[in-house]
2 protein chains.
Amino acid sequence: MDTIDPDQRGSGTAVLLADTLDCPSRPVLDLLGSKWSVLIILNLAAGTCRFTELRKAVTGITPKVLTANLRGLERDGLVSREIFAEVPPRTEYSLTPLGESLLVPYKAVQDWAWEHWGTILERREGQSATRPAAG
Amino acid sequence: MDTIDPDQRGSGTAVLLADTLDCPSRPVLDLLGSKWSVLIILNLAAGTCRFTELRKAVTGITPKVLTANLRGLERDGLVSREIFAEVPPRTEYSLTPLGESLLVPYKAVQDWAWEHWGTILERREGQSATRPAAG
DNA sequence: CCGTATCCTGTAAGATACTG
DNA sequence: CAGTATCTTACAGGATACGG
């Protein structure tokens, strides 16, 4: 592997992170990074939700997109869906233990965001770039 | 706000995360989540890199995309670019302190990935979904 | 209430070729 | 070496309407 040479820098951080290139961080970031999933998971973290409740809570999401996200999260074992055969129909979504474990890395991202996001926004004002503005 | 009712669940986690809905976690996740940025930052974490070095290290990236990502990271103050007016030309990219601070949330994601990603992959095998497979 | 079904759009990214 | 210039593709997401 010639991707990284930890000796190039004295810091211990580099060594720590060299391995990450072989680890599945990227797919997990895809998982976390999809536009709505974080809001869905955060809402579910506050308690079980029905479809329409989520739809209201996650402002702006369309039913199609909400369904798609929920199905994906369910497939990955992060969210569980319980269907009640009643009239009118009822479906309840909640976080699985695996889904709840995601709150830990979320927290780290959140902490970083609170501390540094303002700095980035300041920089962006009056600048332009090819890269997405992320918001 | 009626987006979340922390009292719905006894757990302390919910209260902790209720605030996150108002915080800039999402844009930061966009920042981290762009397909290549994590690999770029991780490589730069190991030491200063020239354009071509990054191109080799980040396997599969095209120069256009690499440039676009680097410009965005530079705009946001995560990466600095130093140009040497020499022949042949030389440009060196490195992480700013702000960029290095990103390694902390990365680490949290990475830890989660190592612990739980296998579980998710197992679940995905033999299943299909509307959601992107993320890898 | 809980979704599906279509159609459409925006944009990151890929392929390829070229320049200071 | 360090990029830029086009063109094209893939796909999450948006708008809107309908079905069980």
Side-chain angles (χ1 to χ4, degrees), chain A residues 26-27 29-41 43-44 48-76 79-94 128-135, chain B residues 26-27 29-41 43-44 48-76 79-94 128-135:
Chain A
R26 269 289 320 152
L29 284 166
D30 285 344
L31 192 70
L32 304 194
S34 106
K35 180 167 180 184
W36 299 106
S37 58
V38 49
L39 291 175
I40 294 171
I41 290 181
N43 270 284
L44 291 179
T48 296
C49 272
R50 300 172 63 168
F51 188 83
T52 306
E53 289 175 328
L54 271 177
R55 216 179 140 179
K56 279 191 305 180
V58 182
T59 317
I61 198 169
T62 61
K64 176 197 136 182
V65 172
L66 179 55
T67 302
N69 275 268
L70 285 170
R71 292 294 179 279
L73 294 171
E74 192 187 356
R75 178 196 60 174
D76 288 345
V79 161
S80 69
R81 176 167 60 143
E82 194 175 4
I83 305 170
F84 299 87
E86 308 172 351
V87 186
R90 182 161 57 107
T91 310
E92 287 190 348
Y93 294 92
S94 54
S128 64
T130 319
R131 205 140 165 295
Chain B
R26 267 292 315 157
L29 284 166
D30 285 345
L31 190 71
L32 304 194
S34 105
K35 181 165 180 186
W36 298 106
S37 58
V38 48
L39 290 175
I40 294 171
I41 289 179
N43 269 284
L44 291 180
T48 296
C49 273
R50 300 173 64 169
F51 188 83
T52 307
E53 288 175 329
L54 271 177
R55 215 180 143 181
K56 280 190 305 178
V58 182
T59 318
I61 199 170
T62 61
K64 175 196 135 182
V65 172
L66 179 54
T67 301
N69 275 267
L70 285 170
R71 291 295 179 280
L73 294 171
E74 192 187 354
R75 176 196 60 176
D76 289 345
V79 161
S80 68
R81 176 166 63 142
E82 193 174 4
I83 305 169
F84 299 86
E86 308 172 349
V87 186
R90 182 162 57 109
T91 309
E92 287 190 347
Y93 293 92
S94 54
S128 64
T130 318
R131 204 140 166 296

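Chain naming here is simple, since letters A, B, ... match the order of the sequence lines and numbering starts at 1 in each.
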Next on the checklist: Can you see whether Tyr93(A) has Arg81(A) sitting over its ring - NZ or CZ less than 6.0 Å from the centre and within 45° of the normal?
Outcome noted: no

side-chain N/O [X] vs [N] OP1/OP2, d < 4.0 Å:
X	N	value
Tyr93(B)	dC1(D)	no
Thr91(B)	dG3(D)	yes
Thr52(A)	dC2(C)	yes
Asn69(A)	dG13(D)	yes

Between [X] ([atom1]) and [N] ([atom2]), how many Å, whole number?
X	N	atom1	atom2	value
Leu73(A)	dA12(D)	CG	P	13 Å
Arg71(B)	dA12(C)	CZ	P	16 Å
Lys35(B)	dA10(D)	NZ	C1'	10 Å
Ile61(A)	dG14(D)	CD1	C1'	11 Å
Phe51(A)	dG19(D)	CZ	C1'	14 Å
Trp36(B)	dT11(C)	CH2	C1'	17 Å
Leu70(A)	dC1(C)	CG	P	17 Å
Asp30(A)	dA13(C)	CG	C1'	13 Å

Checklist entry - Salt bridge check: are Arg55(B) and Glu53(B) linked by an N-O gap of less than 4.0 Å? => result no

Checklist entry - Quick one: which of dT6(C), dC1(D), dC2(C) gets closest to the side chain of Pro88(B)? => result dC1(D)

Checklist entry - Where the side chain of Arg50(B) is defined as all heavy atoms beyond and including C-beta, which of dC1(D), dC2(C), dG13(D) is the nearest nucleotide? => result dC1(D)

Are the side chains of [Y] and [X] in contact, using a 4.5 Å heavy-atom criterion?
X	Y	answer
Ile40(B)	Leu66(B)	yes
Leu39(A)	Thr59(A)	no
Val79(B)	Ser94(B)	no

Checklist outcome for this item: 5'-most contact on DNA chain C (nearest-nucleotide basis), Val65(B) vs Pro63(A), goes to Pro63(A)

Checklist outcome for this item: DNA chain C nearest-nucleotide lookup for Thr67(A) and Pro89(A): closer to the 5′ end is Pro89(A)

Checklist entry - Is there a donor on the side chain of Lys64(A) or the base of dG3(C) sitting less than 3.5 Å from an acceptor on the other? => result no

